[in-house]
Amino acid sequence: MKVLIIGGGGREHAIATSVAKSKHVDKIYCAPGNAGIGQIAECVNIGVMEFDKLVQFAKDKGIDFTIVGPDDPLVAGAVDAFEAAGLTAFGPRKNAAIIEGSKAFSKDLMKKYFIPTAGYETFTTAEDAIDYLASCEFPIVLKADGLALGKGVLICNSYEEAKEGVRTLMLDKQFGHAGDRIVVEEFMTGREVSVLCYCDGNTIVPMTSAQDHKRAKDGDQGLNTGGMGTFSPSPFYTEEVDEFCRKHIYQPTIDAMKTEGREFVGILFCGLMLTENGPKVLEYNARFGDPEAQVVLPRMKNDIIEVMQACIDHKLDTIDLQFEDNAAVCVVLASDGYPEHYDKGFVIDGLDEVAKKEGYYVFHAGTKLTEQGIVTNGGRVLGVTAKGATLKEARANAYEATKLVTFENKYMRNDIGKAIDEA
Ligand code: AMP
Ligand code: GLY
């Protein structure tokens, strides 16, 4: 089977690594890919939003199965474009990917179907939003309705800050049209957990849990990023929590989407807050998380193509999804200055040292192959993942491995997995 993966980050490298292990796959292409993906797949210079070119490429090469990694193409209808050409693609169609593409849609869905989440109001004018804020308690959370690279969420501690936030999102349009509408949401406290689930439209099967670290700096300080590191499983995601979520969140969500005529096939990522009143949904994503995929997929025992094909065939109930009884930690190596200003183009050394060790992975995010070798080419450069028998062992292994990889402006958080000590 020939597989095409759309995307070029650490998530897609993790997906490609799993696909490469599938007994059904002979050849992998990745558009656009990156230097690491290029070691196991043929990278093709087509952008993730160039649907016509991607479909034409898939036809020309006789691709049997396409996997769409990132949110932008999913929300814009990449899967629909492939299906219209008679091709098989894994991921939700446009009318289902809206669960990530519009926060107002997802909040209204949860409200209508009694899925636990924070209370909220939506606004289409800054004036109305500011009027409403005058009656709110603080902190409060402002969210741009549309996609904003995970950065369209503002936590505001006072009325003044919230007013400024509304201006940033709705008037200055920091995130473009994503801020045409905003959600104003109650602030929740608790532990955050990410649970990624395979879905076939009717059946939803959660994978092992993970926890991300979204802020740039140690101690959860600094700006929000795409994610600076992850660990899996989360010790806070107990069997009791899992049982509650299956009953009150996962199945109701997939059922709700079906009832709305928006059958969800693909990966549903549930961002959860474990509050003192029980688990509540922070957000949905319509894809694997990045860097959640980098700790979840290496622990999955199944053949990924068999699971994805079962989703497309509406036969997920025939799959016995299994994960290794161990743990994994991923530490992101970034370019100093990320997520704001940073330099790139620095040569990366030591990659092979890590990759040759059993149970260790270096997932490439922003890298490029040049005449000088592999160089940094983005804010998040690499994800160094290590497994261990326990979370603590995995964390020690991952941090040990980060020492082997060097480049000029290397930056990482030193407290990924700190929560493990509080479990
Ligand atoms: P989101 O993109 O919706 O997941 O939001 C990004 C981050 O903002 C989350 O991972 C949380 O840390 C935080 N956040 C979002 N919504 C809330 C909320 N209602 N209460 C507290 N924190 C929140
Ligand atoms: N790591 C969070 C995300 O992928 O949205």
Side-chain angles (χ1 to χ4, degrees), residues 7 9-12 14-15 69-72 74-75 97 99-107 110 116-122 136-157 162 165 169 175 178-179 182-196 207 209-216 220-232 234 267-277 279-297 330-332 334 339 363 365 379-380 383 413 416 419:
R11 164 184 45 220
E12 287 75 26
I15 294 171
D71 44 357
D72 286 304
L74 286 166
V75 169
I99 201 166
E100 171 165 9
S102 166
K103 295 211 190 265
F105 170 87
S106 72
K107 295 297 289 188
M110 287 185 265
T117 189
Y120 74 103
E121 295 289 336
T122 53
C136 289
E137 283 180 33
F138 295 88
I140 201 142
V141 185
L142 308 183
K143 297 185 174 183
D145 178 47
L147 295 179
L149 296 168
K151 292 166 195 156
V153 174
L154 305 176
I155 295 172
C156 306
N157 291 307
L169 295 176
F175 302 101
I182 65 162
V183 173
V184 178
E185 191 175 283
E186 170 203 350
F187 178 76
M188 299 190 284
T189 51
R191 299 235 177 235
E192 283 188 47
V193 187
S194 304
V195 180
L196 285 50
M207 294 178 232
S209 60
Q211 184 178 320
D212 192 9
H213 299 67
K214 289 209 165 89
R215 300 294 198 93
D220 291 327
Q221 302 294 310
L223 293 171
N224 258 325
T225 70
M228 294 300 293
T230 37
F231 60 83
S232 169
S234 164
I267 305 295
L268 181 71
F269 168 141
C270 297
L272 306 171
M273 184 75 95
L274 308 182
T275 75
E276 58 180 23
N277 299 317
K280 295 188 181 182
V281 177
L282 275 169
E283 63 159 350
Y284 294 115
N285 295 319
R287 52 171 173 84
F288 280 104
D290 188 348
E292 282 86 346
Q294 288 90 312
V295 283
V296 168
L297 287 178
C330 172
V331 179
V332 169
F363 295 117
R380 288 193 293 178
R413 271 183 64 164
I416 301 300

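This is a predicted model, so every value here is computed, not measured. When a ligand or atom number is given, it counts from 1 through the structure's own listing order.
For ligand 2, the atoms closer than 4.0 angstrom to any heavy atom of Glu292 are 1 (N), 2 (C), 4 (O). Shown in contact with Asp212 at under 4.0 Å from a heavy atom are these atoms of ligand 2, numbered in order with element: 1 (N), 2 (C). Contact atoms of ligand 2 toward Asn285: 5 (O) (distance under 4.0 Å to a heavy atom of the residue). In summary, the atoms of ligand 2 found under 4.0 Å from a heavy atom of Gly289, numbered by their order in the structure, are 4 (O). Residue contact check: Gly226 has heavy atoms under 4.0 Å from atoms 1 (N), 2 (C) of ligand 2.
Side-chain contact check for Arg380 versus Asp290: some heavy-atom pair is nearer than 4.5 Å. Side-chain atoms of Arg413 and Asp220, non-hydrogen and from C-beta on, do get closer than 4.5 Å to each other. You'll find the side chain of Lys143 stays beyond 4.5 Å of the side chain of Lys107, heavy atoms only. Inter-residue side-chain proximity for Pro70 and Glu12 is flagged as met; some heavy-atom pair is nearer than 4.5 Å. Arg215 is listed as a side-chain neighbour of Asn224, based on a closest heavy-atom distance under 4.5 Å.
Within 4.0 Å of ligand 1, protein heavy atoms belong to Lys103, Val141, Lys143, Val153, Ile155, Glu185, Glu186, Phe187, Met188, Glu192, Lys214, Met273, Leu282, Glu283, listed by chain and number.
Taking 4.0 Å as the cut-off, Arg287 counts as a neighbour of ligand 2 on heavy-atom distance. The closest approach between a heavy atom of Gly271 and any atom of ligand 2 is not below 4.0 Å.
Side-chain contact annotation: Asp145 with Ser102, donor-acceptor N/O pair under 3.5 Å present.
Every N/O-N/O distance between Glu283 and ligand 2 stays at or above 3.5 Å. Remark: ligand 2 and Lys214 share no N or O pair separated by less than 3.5 Å (distance only, no angle test).
Here the CG atom belonging to Asp71 is positioned 4.5 Å from the CZ atom belonging to Arg287, to the nearest 0.5 angstrom. In this structure, the separation between CD1 on Ile99 and OG on Ser106 is 6.5 Å, given to the nearest 0.5 Å.
Closest approach of Phe363 to Ala14, counting heavy atoms only: CE2-CA, 3.6 Å.
A search for ring pair (Phe, Tyr, Trp, His ring centres under 6.0 Å) contacts involving Phe269 returns nothing, not counting sequence neighbours.
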